Novice: 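Following this message is one structure expressed as structure tokens.
Keep in mind that this is a model prediction, so the values were computed, not measured.
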Amino acid sequence: MSGKPRLTYLNGRGRMEPIRWLLAAAGVEFEEVYLETKEQYDKLIKDGFLLFQQVPLVEIDGLKMVQTRAIMSYIAGKYNLYGKDLKERALIDMYVEGISDLMQMILMFPFSPPDAKEKNLESIKERATNRYFPVFEKVLKQHGQDFLVGNKFSWADVQLMEAILAVEEKVPDVLSGFPQLQVFKTKMSNMPTIKKFLQPGSPRKPPPDAHYVETVLKVFKK
């Protein structure tokens with residue numbers, strides 16, 4: 001082992017992408033192992049690597065961690081991206097949970113039947129503009145600070161930046177009514193670690209295509 005965290009998942013976004021984002025934002029280099037066959041996945045289960053028979057799997061500090069939320073809490077805590085006290089942590093958790101609900105819709109979108117795609121896209125746009133983004137617009141406006149919690153860069157900022165870019169891929173003008181979020185996006189884009197992650201050739205994955213969907217269905221088929 002090189003000492004770098006080792007990430008095991010498919011070669012695509014899925015549930016691993018927010019973990020990649022968080023590690024990259026913390027300036028942590030990592031290695032990746034890509035699952036391409038059901039046999040690889042079954043072997044991980046058989047060898048006892050997957051506590052609940054699910055990936056993502058992240059090997060870090062001698063731990064074999066599963067469950068996205070637990071992995072990200074650990075990374076955020078380890079790299080000082082989880083607030084200064086319990087109250088700040090509670091706010092970060094609330095914001096992260098909300099953004100995760102929106103990201104779940106985006107995560108499932110590539111698997112929509114063709115006749116449901118337009119309706120699901122409309123749902124993403126509606127939820128982003130009416131339920132989720134107004135919350136963060138209001139938070140940033142009320143406290144007038146650069147970051148969501150405690151005027152300090154945190155896991156919540158990383159998660160929000162990922163969500164903004166993911167929604168913009170589908171609804172390019174989604175931020176048109178959110179001036180605070182436009183400023184936030186610009187500031188985040190210029191943070192050195194995030195700027196690096198947004199460059200071509202970084203570990204950031206492209207939007208899921210038909211090949212990725214096919215691989216997911218093949219690896220995880222019952």
Side-chain angles (χ1 to χ4, degrees), residues 12-25 56 68-69 71-73 76 81-83 90-150 153-191 193-195 197-198 202 204-210 212-213 216:
R13 288 185 183 174
R15 296 190 187 282
M16 187 65 92
E17 193 69 357
I19 297 168
R20 295 184 188 108
W21 263 91
L22 193 56
L23 284 167
T68 308
R69 176 71 207 225
I71 294 165
M72 294 182 75
S73 296
L81 296 170
Y82 210 172
L91 277 176
I92 290 167
D93 283 341
M94 284 198 296
Y95 295 157
V96 162
E97 290 282 330
I99 299 162
S100 297
D101 290 344
L102 176 60
M103 290 301 288
Q104 177 66 16
M105 297 173 74
I106 292 168
L107 190 73
M108 296 315 295
F109 181 77
F111 302 92
S112 313
D115 58 351
K117 280 228 179 340
E118 200 171 319
K119 180 169 170 280
N120 291 349
L121 187 58
E122 208 44 53
S123 293
I124 290 169
K125 182 180 178 180
E126 193 275 326
R127 290 284 177 87
T129 53
N130 295 328
R131 184 183 293 191
Y132 295 105
F133 287 175
V135 170
F136 301 108
E137 180 76 7
K138 186 178 175 184
V139 168
L140 291 166
K141 188 171 185 181
Q142 280 181 338
H143 64 35
Q145 296 168 345
D146 291 346
F147 304 110
L148 288 171
V149 179
F153 184 48
S154 78
W155 173 17
D157 299 304
V158 181
Q159 195 96 336
L160 178 56
M161 181 63 180
E162 182 194 0
I164 286 171
L165 296 184
V167 176
E168 277 187 333
E169 285 172 352
K170 301 192 165 14
V171 188
D173 64 347
V174 73
L175 290 189
S176 59
F178 300 105
Q180 301 289 334
L181 289 182
Q182 291 173 32
V183 172
F184 173 85
K185 177 191 160 189
T186 302
K187 283 178 180 163
M188 287 295 113
S189 301
N190 287 313
M191 286 192 68
T193 55
I194 289 180
K195 191 172 186 176
F197 190 59
L198 295 176
S202 86
R204 185 180 178 221
K205 304 301 179 222
D209 58 11
Y212 173 72
V213 170
V216 169

Novice: Evaluate side chain to side chain contact (heavy atoms under 4.5 Å, CB included) for R69 paired with E97, printing each intermediate quantity in order.
Specialist: CA-CA 9 Å; R69 176 71 207 225; E97 290 282 330; 2.3 Å; yes
Novice: Could R13 and E169 be called an ion pair, given the rule that one side-chain N must be under 4.0 Å from one carboxylate O?
Specialist: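 A salt bridge links R13 with E169.
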Novice: Step through the shown structure and confirm whether more than 12 heavy atoms of other residues, nucleotides or ligands are within 6.0 Å of CZ on R15.
Specialist: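 No, the 6.0 Å shell around CZ holds no more than 12 heavy atoms from other groups.
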Novice: With heavy-atom distances below 4.5 Å as the criterion, would you say the side chains of K205 and Y212 are in contact?
Specialist: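 Result no, sub-4.5 Å side-chain heavy-atom pair not found.
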Novice: Hey, what do you get for CD (E162) to CD (E17), rounding to the nearest 0.5 Å?
Specialist: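 Rounded to the nearest 0.5 Å, the CD-CD separation comes out at 6.0 Å.
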Novice: For the pair E126 and R131, evaluate side chain to side chain contact (heavy atoms under 4.5 Å, CB included) and give the outcome as yes or no after the intermediate values.
Specialist: CA-CA 8 Å; E126 193 275 326; R131 184 183 293 191; over 6 Å; no
Novice: Do the side chains of F147 and V139 get nearer than 4.5 Å, heavy atoms only?
Specialist: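 Not in contact.
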Novice: Do N190 side-chain atoms and K187 backbone N/O form a donor-acceptor pair below 3.5 Å?
Specialist: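 Pair absent, no side-chain N/O of N190 close to backbone of K187.
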Novice: Inspect the contact between K125 and D173 and indicate whether a charged nitrogen and a carboxylate oxygen are less than 4.0 angstrom apart.
Specialist: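 K125 and D173: not salt-bridged.
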Novice: Under 4.5 Å between any side-chain heavy atoms of F184 and D146, yes or no?
Specialist: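 When only atoms from C-beta onward are counted, D146 and F184 do not touch, as no gap falls below 4.5 Å.
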Novice: So among Q142, K138, E137, H143, which one has a side chain to side chain contact (heavy atoms under 4.5 Å, CB included) with L140?
Specialist: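 That would be H143.
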Novice: How about K195: does its NZ atom have over 12 heavy atoms from other parts shown lying under 6.0 Å from it?
Specialist: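 No - once you tally the heavy atoms of other residues, nucleotides and ligands closer than 6.0 Å, there are 12 at most.
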Novice: Minimum heavy-atom separation for T193 to A25, with atom names?
Specialist: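 In this case the closest contact between T193 and A25 is OG1-O, 2.8 Å.
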Novice: Name the residue from Y132, F133, F136, Y82 that meets the ring pair (Phe, Tyr, Trp, His ring centres under 6.0 Å) definition with Y95.
Specialist: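 Result for ring pair (Phe, Tyr, Trp, His ring centres under 6.0 Å) with Y95: F136.
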Novice: Please round to the nearest 0.5 Å and tell me the distance separating atom CD1 of I99 and atom CH2 of W155.
Specialist: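 Here the interatomic distance stands at 10.0 Å.
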Novice: So, are E122 and K119 salt-bridged, with charged N and O less than 4.0 Å apart?
Specialist: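 So E122 does not pair with K119 through a salt bridge.
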Novice: Identify whether the distance between the nearest side-chain nitrogen and carboxylate oxygen of K185 and E168 falls below 4.0 Å.
Specialist: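 So K185 pairs with E168 through a salt bridge.
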